[in-house]
There are 2 protein chains.
Amino acid sequence: MRVDHYPIGALSAATGVKIETIRYYEKIGLMPSPPRNEGRQRIYDAGHLERLSFIRRGRELGFSLDQIRELLGLVRGHGLTCAEVKTMTDGHVADIRRKVKDLKKLERVLSELAAQCSGNAVPDCPILEALSVGR
Amino acid sequence: MRVDHYPIGALSAATGVKIETIRYYEKIGLMPSPPRNEGRQRIYDAGHLERLSFIRRGRELGFSLDQIRELLGLVRGHGLTCAEVKTMTDGHVADIRRKVKDLKKLERVLSELAAQCSGNAVPDCPILEALSVGR
DNA sequence: TATGCGACCTGTAGTGACTACAGCTTCAAG
DNA sequence: CTTGAAGCTGTAGTCACTACAGGTCGCATA
């Protein structure tokens with residue numbers, strides 16, 4: 001048997017989610033409003049801890065809060081969970097691949113420009129020229 | 001000799017930057033307030049076109065508006081342009097590399113999870129389990 | 001018991017880089 | 001002269017927080 005009721009600071013420490021962020025999640029309805037003690041301070045239990053950990057790990061995997069809301073609905077809900085979750089994940093992976101591709105292209109362009117850069121005080125800078133000239 | 005004065009819509013079409021965005025750039029001081037005609041509408045010239053194109057290409061290369069502000073200062077300014085620009089660019093490339101690394105890691109984790117996913121209606125979903133189970 | 005201090009509270013505003021909208025005025029073509 | 005497109009201002013919304021001001025509460029120590 002655990003004590004299983006902690007204030008917001010303990011929940012924050014246990015999950016690594018900042019206090020303000022926890023209150024923000026409550027405000028936008030992602031976390032339920034917990035009961036309060038006599039002094040109107042929030043008291044959380046293990047269920048809250050679990051849910052908040054889920055949210056945090058989802059964020060670490062790059063899901064948006066809306067996607068996490070959806071995932072939470074699937075967990076608690078009743079439905080074709082695995083198929084739906086797979087669809088969401090596949091879309092998410094496709095997003096990530098697109099981003100990586102764009103960023104690598106960017107990196108290539110910038111590296112090439114920087115390589116042409118003499119690093120001395122001459123005002124002819126290939127990077128600024130690339131930004132300023134045509135197209 | 002060019003006509004060299006166009007309203008905001010023409011500037012928008014010429015640069016590919018949306019009208020609202022141009023006004024936003026003016027509000028935050030990134031673009032100068034252009035002269036107005038009798039009817040209080042903005043009239044731009046080739047200088048504005050050039051500056052806005054610079055901003056746009058900078059954004060395409062992933063610079064923040066603050067970084068672009070700095071770059072614009074260097075262009076007009078007087079200083080060790082090439083060296084400073086190279087430093088900024090190198091830092092920017094390092095940022096991009098970090099992002100790419102993180103995203104690829106994410107992609108790998110998600111792909112592995114999705115691969116374990118049967119896609120059928122069974123409620124045991126490896127992705128949800130990965131999110132729900134401890135660390 | 002007093003007091004002090006850290007933890008907690010609410011509410012608001014700021015971040016970055018826009019986007020959207022309401023409700024006007026102005027311009028240009030027919 | 002009318003109509004419709006283009007322009008205007010100002011405000012609010014987006015996303016996911018973060019920061020701050022100005023209070024209240026809980027607990028340990030003197």
Side-chain angles (χ1 to χ4, degrees), chain A residues 3 5-31 33-45 48 51-72 92 95-96 99 102-103 106, chain B residues 3 5-31 33-45 48 51-52 54-72 92 95-96 99 102 106:
Chain A
V3 174
H5 63 277
Y6 14 72
I8 199 166
L11 184 67
S12 171
T15 56
V17 177
K18 289 192 183 165
I19 291 177
E20 293 89 346
T21 306
I22 297 173
R23 286 197 286 246
Y24 167 72
Y25 287 164
E26 184 181 333
K27 199 168 67 181
I28 63 168
L30 197 58
M31 285 291 290
S33 299
R36 307 284 184 118
N37 67 4
E38 293 266 313
R40 326 229 2 83
Q41 298 188 341
R42 292 168 178 83
I43 301 300
Y44 295 95
D45 63 26
H48 295 105
R51 188 180 175 98
L52 187 55
S53 300
F54 183 98
I55 294 170
R56 195 204 154 191
R57 279 189 290 266
R59 292 290 297 137
E60 277 171 3
L61 291 180
F63 288 99
S64 72
L65 292 186
D66 268 359
Q67 286 174 316
I68 291 171
R69 215 188 284 270
E70 217 177 318
L71 288 170
L72 281 164
H92 191 36
D95 276 356
I96 292 171
K99 262 185 214 160
D102 288 350
L103 284 173
L106 216 63
Chain B
V3 175
H5 62 279
Y6 14 72
I8 199 166
L11 184 67
S12 171
T15 56
V17 177
K18 290 193 184 167
I19 290 175
E20 292 89 348
T21 306
I22 297 172
R23 286 197 287 246
Y24 167 72
Y25 286 164
E26 184 181 332
K27 198 168 66 183
I28 64 168
L30 197 59
M31 285 292 289
S33 300
R36 309 284 184 117
N37 66 6
E38 292 267 313
R40 326 227 4 83
Q41 299 188 339
R42 292 167 179 83
I43 300 301
Y44 295 95
D45 64 25
H48 295 104
R51 188 181 176 96
L52 187 55
F54 183 98
I55 295 169
R56 194 206 155 190
R57 279 189 290 265
R59 291 292 297 137
E60 277 170 4
L61 290 181
F63 288 99
S64 72
L65 293 186
D66 268 359
Q67 287 176 315
I68 291 171
R69 216 187 284 270
E70 217 176 319
L71 288 171
L72 281 164
H92 191 36
D95 276 358
I96 292 171
K99 263 186 214 159
D102 288 350
L106 216 64

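Since the structure is predicted, the reported quantities are computational estimates derived from the model, not experimental observations. Chain letters run A, B, ... following the sequence lines, proteins first, then strands; residues in each count from 1.
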Checklist line | DNA chain D: 5'-proximal contact among B:Ile8 and A:Ser64 (nearest heavy atom) | finding: B:Ile8

Checklist line | For A:Ile43 against A:His48, the heavy-atom pair lying closest together | finding: O-CE1, 4.5 Å

Item checked: Phosphate contact (C:dC8 OP1 or OP2) by A:Arg42 side-chain N/O below 4.0 Å -> no

Notebook entry, point to check: Is A:Arg23 touching bases, backbone alone, or none of the nucleic acid, heavy atoms closer than 4.0 Å?
Noted result: base

Note to self: With a 4.5 Å cut-off on side-chain heavy atoms, are A:Asp66 and A:Arg69 touching?
What the structure shows: yes

Margin query: Tell me every residue that passes side-chain contact (heavy atoms from CB on, under 4.5 Å) with A:Ala10, counting only those two or more places apart in sequence or in another chain.
Written below: A:Tyr6, A:Pro7

Notebook entry, point to check: Between C:dC18 and B:Tyr25, is there an OP1 or OP2 to side-chain N/O distance shorter than 4.0 Å?
Noted result: yes

Checklist line | Integer-rounded Å distance: C:dA13 P and A:Tyr24 OH | finding: 17 Å

Note to self: What contact category does A:Ile19 fall into here, base, sugar-phosphate, or nothing, at under 4.0 angstrom with non-hydrogen atoms?
What the structure shows: sugar-phosphate

Check: Along DNA chain D, 5' to 3', what are the outermost nucleotides having an atom less than 4.0 Å from a heavy atom of chain A?
Finding: D:dA16 to D:dG26

Check: To the nearest 10 degrees, what angle separates the axes at the start and end of the helix from C:dT1-D:dA30 to C:dG30-D:dC1, five pairs each?
Finding: 20°

Next item on the list: Under the side-chain contact (heavy atoms from CB on, under 4.5 Å) rule, collect the residues that match up with B:Leu106, sequence neighbours excluded.
Entry: A:Leu61, A:Ile96, B:Leu103

Can you give each donor-acceptor pair under 3.5 Å made by side-chain atoms of residues 16-28 of chain B, sequence neighbours left out, with the distance rounded to 0.1 Å?
from: B:Glu26; atom 1: OE1; to: B:Arg42; atom 2: NE; distance (Å): 2.7
from: B:Glu26; atom 1: OE2; to: B:Ser33; atom 2: OG; distance (Å): 3.4

Next item on the list: Kindly write out the residues that satisfy side-chain contact (heavy atoms from CB on, under 4.5 Å) with B:Asp95, not counting sequence neighbours, or none if the list is empty.
Entry: B:Arg98

Next item on the list: Could you tell me the separation between the NZ atom of A:Lys27 and the P atom of C:dC9, rounded to a whole number of Å?
Entry: 14 Å

Next item on the list: List for me each residue that meets side-chain contact (heavy atoms from CB on, under 4.5 Å) alongside B:Gln41, sequence neighbours excluded, and say none if there are none.
Entry: B:Asn37

Checklist line | Value in whole Å for how far the C1' atom of C:dA17 lies from CZ of B:Phe63 | finding: 17 Å

Notebook entry, point to check: Of the residues in residues 33-41 of chain B, which ones touch DNA chain D at a heavy-atom distance under 4.0 Å?
Noted result: B:Arg36, B:Arg40, B:Gln41

Note to self: Expressed as a whole number of angstroms, how long is the span from B:Ile55:CD1 to C:dA17:P?
What the structure shows: 12 Å

Note to self: Between A:Thr15 and A:Ile55, does the side chain to side chain contact (heavy atoms under 4.5 Å, CB included) criterion hold? Intermediate values first, please.
What the structure shows: CA-CA 10 Å; A:Thr15 56; A:Ile55 294 170; over 6 Å; no

